[in-house]
Amino acid sequence: QVQLVESGGGLVQAGGSLRLSCAVSGRTFSPYVMGWFRQAPGKEREFVAAILWSSGSRYYADSVKGRFTVFRGNAKNTIYLQMNSLKPEDTAVYYCAADNLSGNYYYPSEYDYWGQGTQVTVSS
């Protein structure tokens with residue numbers, strides 16, 4: 001069984017920074033892609049960033065481009081989301097997701113494995 005565990009959420013003032021982490025544990029798992037999504041109250045889950053495991057290619061939503069960075073950690077199957085210049089509209093529950101098959105990284109339905117989510121709140 002594959003499990004994803006996020007950490008690093010919290011409360012921060014606008015303009016501040018947070019770093020989220022996501023660790024994959026369980027049976028041997030070689031992801032094709034790992035991504036970050038977020039969901040604000042009353043809104044659909046939306047794409048934030050993704051990284052292709054073998055190539056290292058990274059993709060971002062326009063709303064976070066230039067402010068957020070997704071990267072792999074030294075530990076096996078760990079990714080991070082560095083969030084800088086945070087805005088109140090970034091407030092949401094952030095989810096880590098993974099999939100071991102190729103597909104469109106942009107859509108939540110493409111991912112088979114999800115973490116429990118971590119709350120990020122940005123105050124104005």
Side-chain angles (χ1 to χ4, degrees):
Q1 184 175 353
V2 177
Q3 291 184 318
L4 279 66
V5 179
E6 304 106 332
S7 61
L11 173 64
V12 64
Q13 289 186 333
S17 299
L18 282 175
R19 178 178 291 185
L20 307 182
S21 64
C22 174
V24 183
S25 64
R27 62 172 175 83
T28 301
F29 179 68
S30 297
Y32 170 78
V33 58
M34 292 190 69
W36 288 97
F37 290 78
R38 65 187 182 187
Q39 189 165 17
K43 295 188 176 181
E44 293 187 352
R45 192 167 298 189
E46 65 173 4
F47 171 77
V48 175
I51 183 167
L52 301 187
W53 207 250
S54 59
S55 68
S57 298
R58 297 180 283 191
Y59 305 91
Y60 298 94
D62 288 343
S63 59
V64 306
K65 202 171 293 183
R67 299 187 298 123
F68 290 12
T69 302
V70 59
F71 60 98
R72 294 174 56 173
N74 292 328
K76 185 179 179 182
N77 290 359
T78 301
I79 64 168
Y80 298 90
L81 184 68
Q82 177 67 41
M83 305 185 294
N84 299 328
S85 302
L86 283 160
K87 305 175 181 180
E89 51 263 43
D90 294 319
T91 295
V93 177
Y94 282 70
Y95 297 90
C96 175
D99 196 71
N100 58 358
L101 298 176
S102 62
N104 191 322
Y105 58 83
Y106 187 85
Y107 297 106
S109 59
E110 294 290 333
Y111 294 79
D112 285 337
Y113 305 100
W114 290 85
Q116 80 286 356
T118 184
Q119 177 70 46
V120 172
T121 303
V122 184
S123 63
S124 58

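Quick note: numbers below take in every heavy atom, side chains included, and nothing from hydrogens, waters or symmetry partners. Residue numbers count from 1 along this sequence.
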Y106 atom OH, neighbour heavy-atom count above 12 within 6.0 Å
no

Gap between atom [atom2] of [Y] and atom [atom1] of [X] - 0.5 Å precision:
X	Y	atom1	atom2	result
Y113	Q1	OH	CD	9.5 Å
Q116	S7	CD	OG	8.5 Å
L4	Y111	CG	OH	11.5 Å
L52	Y32	CG	OH	5.0 Å
I51	Y60	CD1	OH	7.5 Å
Y105	D99	OH	CG	14.5 Å

Is there a path of hydrophobic side-chain contacts, each under 4.5 Å between heavy atoms, that joins [X] and [Y]?
X	Y	answer
L11	V120	no
L86	V93	no
M34	F68	yes
I79	W114	no

Do the ring planes of F37 and F47 sit parallel (below 30°), tilted (30 to 60°) or perpendicular (above 60°)?
perpendicular

Using the rule side chain to side chain contact (heavy atoms under 4.5 Å, CB included), only one of [options] pairs with [X]; which is it?
X	options	answer
R38	T91, T118, V64	V64
L20	Y95, W36, Y80	W36
D90	V122, V48, V12, T121	V122

Check whether any side-chain N or O of Q13 sits under 3.5 Å from a backbone N or O of S123 as a donor-acceptor pair, and report yes or no.
no

Answer yes or no: is there a donor N or O on one side and an acceptor on the other, between the side chain of R72 and the main chain of W53, under 3.5 Å?
yes

If you compare all heavy atoms of A14 against all heavy atoms of S124, which two are closest, and at what distance to 0.1 Å?
CB-CA, 4.4 Å

Non-hydrogen atoms of A40 and A92 that approach each other most closely
N-CB, 3.8 Å

Given side-chain contact (heavy atoms from CB on, under 4.5 Å), test T69 with R58 step by step and report yes or no.
CA-CA 9 Å; T69 302; R58 297 180 283 191; 3.7 Å; yes

